[in-house]
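Here is the structure we will look at.
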Amino acid sequence: MRFLVRFLGFLFAAGTVVFLVGVAAAAGLIWHFSKDLPDYSQLQDYEPPVMTRVHAVDGSLVGEYARERRLYLPIQAVPKLVINAFLAAEDKNFYEHGGIDFTGMARAAVVYAQNFGSNRRPQGASTITQQVAKNFLLTNEVSFARKIKEALLAMRIERTYSKDKILELYLNEIYLGSGAYGIAAASLVYFDKSVNELTVAEAAYLAALPKMPGSLHPIRNRDRAIERRNYVVDRLLENGWIKQADADKARKDPLTIASRNTGAHIFAGEYFAEEVRRDIFERYGEKKLYEGGLSVRTTLDPKIQVMARKAMVAGLVRYDQEQGYRGPVSKLDISGDWGLKLAEIKSLSDISPWRMAVVLETSDQSARIGFQPPRELGGAVSKERQTGLITLDGVKWARAATPNGRGKVPTSVAQVLQPGDVIYADPLFKEGNPVEGQYRLEQLPEVSGAMVAMDPNTGRVLAMVGGFSFDQSQFNRATQAYRQPGSSFKPIVYSSALDNGYTPSTQVVDAPIEIDQGQGGQVWRPDNFSNGKYLGPTTLRNALRLSLNTVTVRLAQDVGMPLISEYARRFGVYDELPNYLSYALGAGETTAMRMVTAYSMIANGGRRVKPTLIDRIQDRYGHTIFKHDARECRGCDAPDGWKNQSEPQLVDRREQVLDTMTAYQITSMLEGVVQAGTATVLREVGKPIAGKTGTTNEAKDAWFVGFSPDLAVAIYMGYDKPRPLGKGNAATGGHLAAPIAKDFMKLALADKPATPFKIPAGIKLVRVDSKTGMRASPGDGGRTIMEAFKPGTAPPDNYSVIGVADADGRMMPSQSGGQPDTGGFIIRPGTGSLY
């Protein structure tokens with residue numbers, strides 16, 4: 001008995017020693033690993049990289065920019081279903097333990113012992129808190145040292161932060177495959193839904209991903225992904241978090257993935273989105289753009305953008321097809337599976353409803369075509385094969401393009417298409433309706449161009465088309481292409497004259513002119529498009545309406561190029577305009593964006609506008625860090641509520657670039673261009689429109705720039721490597737660019753009232769003879785118009801010409817009234833003087 005007592009005492013003493021040694025060893029181990037633990041307090045101020053999101057005016061998504069696709073979602077905004085799914089998959093006792101799940105650790109230790117020496121990865125037993133510690137503060141190293149540090153940090157984190165805060169960090173940080181970080185981004189990437197819209201099956205699939213996102217790919221490893229998803233569904237049911245019916249349905253649901261666009265999210269908005277990206281990058285830098293979580297509200301109107309894209313593309317295609325058919329995109333061996341071969345040829349992704357196809361067989365009346373099969377998520381080519389027919393109606397435009405012009409209209413489809421031809425096809429329409437199963441041959445246009453639509457009162461860019469296809473060329477011709485505006489620059493010249501004493505009735509002679517360029521330069525003889533036809537003395541209104549070059553050059557001589565250069569700078573068309581008279585005819589290079597901005601200043605009464613694609617930018621916390629509208633709003637802040645105080649007032653301190661009355665005069669003259677000048681095609685719009693066409697030397701660029709009271713637009717068409725667009729009237733701005741503007745403005749202004757341009761106070765409307773500009777008399781009949789005059793000016797009653805030179809240079813006697821032969825001089829009506 002005594003021996004037994006001693007033995008038990010020995011065991012107790014030995015056990016005590018072992019326990020103390022163990023405690024000391026554990027304390028030493030804890031002390032050792034605690035020495036260099038990361039500072040977990042940084043989690044309090046954690047700001048993860050969050051994607052920048054860009055939105056249109058209606059709130060629709062334009063684009064997303066990020067290195068890690070992540071949207072930070074507060075725990076209060078996460079649905080209970082999603083929370084339960086992740087707890088079921090990762091840590092069902094999360095709200096009960098103190099950071100470490102000892103039961104799970106024991107289970108993992110047993111599995112490790114069973115697999116020892118097998119080189120199999122040890123089973124994890126990490127709680128969500130431990131995963132937060134690892135993801136935020138440690139590495140992914142597989143070792144006992146890291147696990148001990150992870151456990152120590154987990155316990156400290158649990159003592160410092162609430163369970164909800166820990167779970168919020170976890171759900172926003174975890175990587176869930178396909179470039180998605182956090183549940184909000186993953187929900188968009190996999191299902192194109194917000195987390196509030198997820199079904200039980202979808203939430204369970206996302207919850208299955210954290211441990212092995214690469215091995216649970218929804219396409220490449222579909223069966224394994226569904227198996228793991230259903231495991232999570234079972235755990236949800238087992239824990240009583242969903243009902244049996246919900247679980248049964250979730251297990252049967254197919255794993256359907258909605259492939260999400262990673263580029264611009266609004267059709268035809270790629271050029272706009274890229275321009276916004278560049279702007280943010282220049283303002284805030286790369287880190288803020290891709291990690292700052294900015295919320296950008298742009299000026300883009302999706303409806304207007306689609307209209308602009310539709311009109312511009314139709315115009316480019318119309319012109320290109322008039323030049324003839326250049327042949328297929330490529331040739332393909334159609335033996336075997338033609339779909340796989342066609343899928344390897346790069347096609348443009350942003351020209352819907354056009355689709356790439358290969359010709360399978362042809363006859364006189366039709367060709368059977370096979371369409372390029374789509375790729376599924378993960379890059380696999382779809383097994384689906386779609387076919388259609390191109391009939392003779394679909395190729396009638398495709399006359400062969402030859403150096404001497406187009407060939408004959410095809411009488412057989414086989415004359416145009418051959419088996420193996422890779423082409424683009426578009427649904428065939430008859431009487432406005434698509435013909436089922438029939439398609440039209442299309443070709444990518446060689447010609448390009450740009451369009452910008454702007455609110456002329458604010459400078460907000462409503463739509464932008466930078467070319468035929470962003471996928472084909474990311475060069476934005478609306479902002480980056482510097483082209484000669486031709487006669488569309490003339491309103492700036494005429495504005496400078498009207499702002500400095502001239503009137504719309506001022507007469508300038510339209511006659512041949514020679515300019516000695518000096519210093520051995522050749523004599524410059526500017527000519528009108530009319531090729532030798534001249535009108536003699538002509539009002540400024542008619543000169544602008546008919547786009548007379550000789551009048552514009554004489555006007556520029558008298559006004560002076562330095563003054564015109566100053567107005568060009570004020571309007572933002574050019575930074576520095578050389579003092580050569582040819583620049584008065586638009587020989588300098590500028591952009592469509594600059595031109596539409598200049599015309600917007602005319603449209604809004606002469607106020608400066610700064611073009612912008614961005615209305616407002618907010619940081620990740622919702623604080624506004626940029627706002628385009630800089631007007632002061634007096635009385636907008638009413639902290640005590642409405643108490644019958646005065647209405648708020650917007651204070652507009654923008655610079656007055658052009659006199660308000662001058663702006664109306666030039667607007668009225670530009671209305672004349674549309675009503676009876678070079679842009680009469682726009683009369684079809686049926687709304688008040690003012691504008692000017694432009695055609696450059698050798699017809700290398702064709703322009704139209706114009707506006708209604710609430711919408712300004714600039715359009716140019718031309719080859720990227722400039723070359724003539726054609727000859728004669730067929731290659732002018734009135735024939736090529738103005739019809740595009742007409743198509744666009746008919747759509748954009750369809751629901752707008754026909755509001756006339758506002759006449760500013762002080763303007764006098766006087767009836768004048770439309771040809772001479774003189775005050776109308778009772779017998780002038782239908783030749784009269786209402787002309788706008790500033791205070792102190794009036795239409796002339798007669799002409800008085802003094803000392804007009806004859807052919808020998810002698811001064812001729814004075815002439816009064818009628819239409820004198822001015823010999824190239826400029827006559828100011830009613831002053832009796834030459835100048």
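All values derive from a computational prediction rather than experimental measurement. In what follows, residues are counted from 1 in the order of the sequence shown.
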Output all residues satisfying side-chain hydrogen bond (donor to acceptor under 3.5 Å, both in side chains) with Ser668, sequence neighbours left out; order by chain, then residue number. Arg541

Has the side chain of Glu671 got a donor or acceptor atom that lies under 3.5 Å from a matching backbone atom of Pro688? no

Around atom NZ of Lys310, are there more than 12 heavy atoms of other residues, nucleotides or ligands at under 6.0 Å? no

Can you run down the salt bridge (Lys or Arg N to Asp or Glu O under 4.0 Å) pairs that involve residues 675-693, sequence neighbours left out, and say none if there aren't any? Glu684-Lys742

Would the number of heavy atoms belonging to other residues, nucleotides or ligands and lying under 6.0 Å from CG of Asp720 be above 12? yes

Using the side-chain contact (heavy atoms from CB on, under 4.5 Å) rule, take Ser547 and Thr693 through it: C-alpha gap first, then chi angles, then the decisive distance, then the call. CA-CA 8 Å; Ser547 200; Thr693 58; 5.5 Å; no

Checking side-chain polar atoms at under 3.5 Å, does Asn476 have a donor or acceptor matched by the opposite partner on Glu275? yes

Apply side-chain contact (heavy atoms from CB on, under 4.5 Å) to Glu787 and Thr539, showing your working. CA-CA 11 Å; Glu787 190 60 272; Thr539 64; over 6 Å; no

Looking at Arg570 and Glu566, is any side-chain nitrogen of the basic one under 4.0 Å from a carboxylate oxygen of the acidic one? yes

Ring centres under 6.0 Å, that's the criterion: do Phe489 and Phe571 meet it? no

Could you tell me if the side chain of Thr662 sits less than 4.5 Å from the side chain of Lys790, heavy atoms only? yes

Between Arg460 and Asp301 (salt bridge meaning N to carboxylate O under 4.0 Å), is one present in this structure? no

How far apart are the closest heavy atoms of Met745 and Leu711, and which atoms are they? CE-O, 4.0 Å

Please determine whether a side-chain nitrogen of the Lys or Arg among Arg783 and Asp769 lies less than 4.0 Å from a carboxylate oxygen of the Asp or Glu. yes

